[in-house]
Amino acid sequence: MAPQGISVVEPSGLAPGPFCAMVLADFGARVVRVDRPGSRYDVSRLGRGGRSLVLDPKQPRGAAVLRRLCERPDVLPEPFRRGVMEKLQLGPEILQRENPRLIYARLSGFGQSGSFSRLAGHDINYLALSGVLSKIGRSGENPYAPLNLLADFADGGLMCALGIVMALFDRTRTGKGQVIDANMVEGTAYLSSFLWKTQKSSLWEAPRGQNMLDGGAPFYTTYRTADGEFMAVGAIEPQFYELLIKGLELKSDELPNQMSTDDWPEMKKKFADVFAKKTKAEWCQIFDGTDACVTPVLTFEEVVHHDHNKERGSFITSEEQDVSPRPAPLLLNTPAIPSFKRDPFVGEHTEEILEEFGFSREEIYQLNSDKIIESNKVKASL
């Protein structure tokens, strides 16, 4: 796999950080997650392929242990607000002094500078500050966030992983690590470059929810079917639109021009009435195999069993029979080989990891006695 042999020490945080580490692990990196004392499990459920060590870095001796752990690894994805690691004497200036090859990836909401850099926030706040949230929502309704996928995962965890890979590539030439300032506000803004570059085009002339790509067009939206399910329509190009009209058993010469925006509200009603007369399965029979750009809106239960996804092996099943998406993209020469084992229990590998990093049995015993670390070994079932 591509980053085979790359070692990662990941201070545990909320979902974007664990996702970043899981991406690296899926593609071959060795990940050690440093969990906090008192945690029973990883709330993000994104520890696939990694190992867990429990350590209290708020205690001076705990911070010293973490500094020692950071003398060897290639990457430290750090998920806290500005200044947190510096208070613990774990900032990049200190860690890179002992390990100049270390790539210190700071993943935060607002970045390492600016008036919001020390504030708390969540996905919806980062979307709001990036400008993107103002573009999402139906006409006449409040803006709404598309779950927490955009800022947290696409623009946070995944963008941070991209930065790490680029920094690793740079290190092959310079021999030096560097600090990465990955934050979700700027990540979201960058991902929206298409919106910025097309602001003055006809794509966004109308208010939110009334444009072609934000739910305003009758040929780019979703429709309810007779059985209460939904179909997604994306028939933008004229040739695809004609196939949509044909499948709906309508006549083009009896309809307004496709791009007549004044007629879009009425056309949406007409299309909705037609879609409501057949079930999702019936519409799939009509549109599957055509270029009408009409597809079923699949549930999580359905998507795993869809023929296309089964043919591609798009989903994987762990040894505990949990289903999740296969890592993407697919590298044909060095594909990701994700772990099929269960996620690690918090603290499951504490002693094992410390021994690997050169800690003696006496040191480990003392750290355990002083509650600097916790070890939660898995007990065999008899």
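Predicted model only: the values in this text are computed from it and were never measured.
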More than 12 heavy atoms from other groups under 6.0 Å of CG on N333 | no
Considering only NZ, NE, NH1 and NH2 on the basic side and carboxylate oxygens on the acidic side, decide whether R68 and E98 come within less than 4.0 Å.
-> no
Is D26 salt-bridged to R48, going by a charged N under 4.0 Å from an acidic O?
-> yes
Run through E320, E319, E348 and flag the one making a salt bridge (Lys or Arg N to Asp or Glu O under 4.0 Å) with R342.
-> E348
Less than 6.0 Å separating the ring centroids of W264 and F219?
-> yes
Take the angle between the ring planes of H306 and H308 and call it parallel below 30°, perpendicular above 60°, tilted in between.
-> perpendicular
Axial cation check for F357 ring with R72, 6.0 Å and 45° limits | yes
Could you check S52, S12, P37 and say which one makes a side chain to side chain contact (heavy atoms under 4.5 Å, CB included) with V346?
-> S52
Heavy-atom count around K268 NZ within 6.0 Å, excluding the residue itself: above 12?
-> yes
Using a strict 4.0 Å threshold on nitrogen-to-oxygen distance, state whether R33 and D35 make a salt bridge.
-> yes
Trace of the side chain to side chain contact (heavy atoms under 4.5 Å, CB included) decision for N125 with F116 | CA-CA 11 Å; N125 307 116; F116 276 35; over 6 Å; no
Those residues at least two apart in sequence (or on a different chain) that pass salt bridge (Lys or Arg N to Asp or Glu O under 4.0 Å) with R51 are E352, E356
